[in-house]
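Below is one structure, written out as structure tokens, with a few remarks after it.
Values in this document were obtained by computation on a predicted structure and should not be read as measured data. Every heavy atom of this structure was used, including side-chain atoms; hydrogens, water molecules and symmetry mates were not.
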Amino acid sequence: MFLIEYGTGDYINAENISYVDIGEDYICFDLTHDRERYHVSHRLHQAFLNELKYFNKNKCTKLKGNL
């Protein structure tokens, strides 16, 4: 489990994110098991993207190690 804060006190497991939509002034994401679209708090945009990149980098490193 890799938790990312998307709203004040609201966290999501990054492993469940299936789609991310990034615009000039918004970030939204969908989850694999949910039809709701989630919006990232404006003040957390940069932190959310940094954590998502960190998660993705770790995931890719694990995949390379298991090949």
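Once rounded to the nearest 0.5 Å, the distance linking CD1 of Ile17 with CG of Leu31 reads 7.0 Å. Considering CD of Gln46 and CD1 of Ile27, their distance stands at 8.0 Å, rounded to 0.5 Å.
Taking hydrophobic clusters as Ile, Leu, Val, Met, Phe, Trp and Tyr residues chained together by side-chain heavy-atom distances below 4.5 Å, Val20 shares a cluster with Phe55.
Aromatic ring centres of Tyr6 and Phe48: separated by at least 6.0 Å.
At least one donor-acceptor pair closer than 3.5 Å links the side chain of Asn13 to the backbone N or O of Phe2.
Heavy atoms only, all atoms of each residue included: Ser41 and Gly7 are closest at CB-CA, 4.1 Å. Nearest approach of His42 to Asp25, heavy atoms of both residues: CD2-O, 4.1 Å. Scanning all heavy atoms of the two residues, the minimum distance from Glu15 to Met1 falls at OE2-N, 3.6 Å.
The number of heavy atoms from other shown groups lying within 6.0 Å of CD (Glu36) is above 12.
Looking at Val40, Ile22, Ile4 one by one, the single match for side-chain contact (heavy atoms from CB on, under 4.5 Å) with Leu49 turns out to be Ile22. With Tyr38 as the fixed residue, the ring-ring contact (aromatic ring centres under 6.0 Å, His included) test singles out one of Phe29, Tyr26, Tyr19, Tyr11: Phe29.
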Could you please spell out the steps behind the side chain to side chain contact (heavy atoms under 4.5 Å, CB included) verdict for Leu3 and Ile12? CA-CA 5 Å; Leu3 296 178; Ile12 199 75; over 6 Å; no

